[in-house]
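Everything quoted here is computed from the prediction, not taken from an experiment. Below, chains carry the letters A, B, ... as their sequence lines are ordered, and counting in each starts from 1.
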Amino acid sequence: MKQTIYFKLNGDPIQIDVEPHLTLLHVLREELELTGTKEGCGMGECGACTVLVNGKAVNACLFPILEAEGTSITTIEGLADVAGNLHPLQRAFIEHGAVQCGFCTPGMILSAKALIDENPNPTEEEIRKAISGNLCRCTGYIQIIQAIKEASKNS
Amino acid sequence: MKKYNYLKPQTLEEALSFLSQYGDRAKLIAGATDALVMTRQKKISPDVFISLRCVPALDYIESNGMLKIGALVTHRTIEESKTIRKSFPLLAEASGVLGSVQIRNVATIGGNLCTASPSAETAPPLLVYEAEVRLVSQRGERRLPIESFFLGPGENALDRDEILREILLPFPPPHSVGTYLKLGRRKSMDLAVVNVAVLLSFNLDTGICERARIALGAVAPTPIRAKGAERVLEGKSLDESIIRKAGEHAREECTPITDIRGSADYRREMVGVLVEKGIRHSMKVFKKI
């Protein structure tokens, strides 16, 4: 039995009919075709599915879709501006070699965005803590941390 | 996956009414970070989730005489709360090392207690702070000391028709100092192999330890107080031999098991190490007061 929900997605209001048992991750990828958000583990352990809900980083794989009602959600697709200019975080990730296979990248960037929006000048320790819920199997994290440091200077 | 129904009551009364309507077929959730994982692992299979997220009456931190934390308060809020960091720092610390930022943004203190894992992050601090929980049903309300809330691994004292609504913490005696230590295999995103909370109250003039509270997690069917270790410390001026004796008692009071995260022997050994470390660290903090 579908229910209609209303929320803001990447700045635009959206209305969608959903089955109540679905997760935000499923709806984003399968129904809204925003496949930037990835499924890594489905258990809230890897952070590949990280999106921002009201500015806070959450695991979309554990976020029941009906809880999206009335919220403002940001996915990786919402980071570049309308003209297509990349967000400072996206530019920094590219410049610092912080992207290899790219699978962790959307979630990683959104965790970083949540950090910088709240704490514009994070220390390395604070950066590490902020991304501790985002696993990367490729980079070893060093370039990611450097990219976030640089982006926080440019924001 | 089963197509469960998902209800969002707006008030506590509505939630209790749903609970009595659906009984065993329903699962109460807040952040859902434990419940959804358990559902996917087929450990539970509810027909209905009753989400408490939209019950504002459960999301508050109030301080009048006692600290009162609504069950829906997230770990992120607890971690960052000035009031809790000042007066109940062990709780703020424990909430701050639970899971990851993403988990802490939605997971709640009520959920942590109701899941009742022996390694529940907030349990050792709440035990040493001698917290109480307030449980509510359509039949009325009751209060339980936190110690009585945990019955076994994954088992809490809620009746089928009850909701945990609030956690109450009495303010500790002035000049109380404490330490929370979590031993894990990783710096983050891990369950505790052993977690320990120590809360000591010293006499400012004599330096004697007037009150000691020590709690252990992940080394018994439930989180426990190490009351034998506490008695070793109380009324004494603490020196190395007393500290070691307390560690020894704590080792004897726990009943750890061997599991994927560590052996029983290792856990028992680490209980002693962490209790001693917690006492020494608390003494250092006290000396700075």
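- Taking the six-membered ring for Trp and thresholds of 30 and 60 degrees, B/Tyr129 and B/Phe88 have ring planes more than 60 degrees apart, a perpendicular arrangement.
- Contact tally against chain B (heavy-atom pairs below 4.5 Å) for A/Ser111, A/Gly107, A/Cys61: the top residue is A/Cys61.
- Ranked by heavy-atom pairs under 4.5 Å with chain B, the list A/Lys129, A/Glu67, A/Gln3 is led by A/Glu67.
- Because its NZ or CZ atom is not both nearer than 6.0 Å to the ring centre of B/Tyr266 and within 45° of the ring axis, B/Arg185 does not count as a cation-pi partner of that residue.
- With chain A as partner, the option from B/Arg40, B/Gln41, B/Arg76, B/Lys187 having the largest number of non-hydrogen pairs under 4.5 angstrom is B/Arg40.
- Using a 4.5 Å cut-off between heavy atoms, B/Val106 contacts chain A through its side chain alone, with no backbone atom that close.
- For a residue to count as touching a neighbouring chain, one of its non-hydrogen atoms must lie under 4.5 Å from one of that chain's; by this rule A/Glu19 touches chain B with the side chain only.
- Looking at B/Lys3, the atoms closer than 4.5 Å to chain A (heavy atoms on both sides) sit in the backbone and in the side chain alike.
- Counting only distance, with no hydrogens or angles, the side chain of B/Glu79 and the backbone of B/Ala92 share no donor-acceptor pair below 3.5 Å.
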Next on the checklist: Walk me through whether A/Thr75 and A/Asn10 qualify under side chain to side chain donor-acceptor pair (under 3.5 Å).
Outcome noted: CA-CA 7 Å; A/Thr75 68; A/Asn10 295 326; 3.0 Å; yes
Item to check | Stepwise side chain to side chain donor-acceptor pair (under 3.5 Å) test for A/Asn134 and B/Gln102 | outcome: CA-CA 9 Å; A/Asn134 293 79; B/Gln102 293 93 320; 2.9 Å; yes
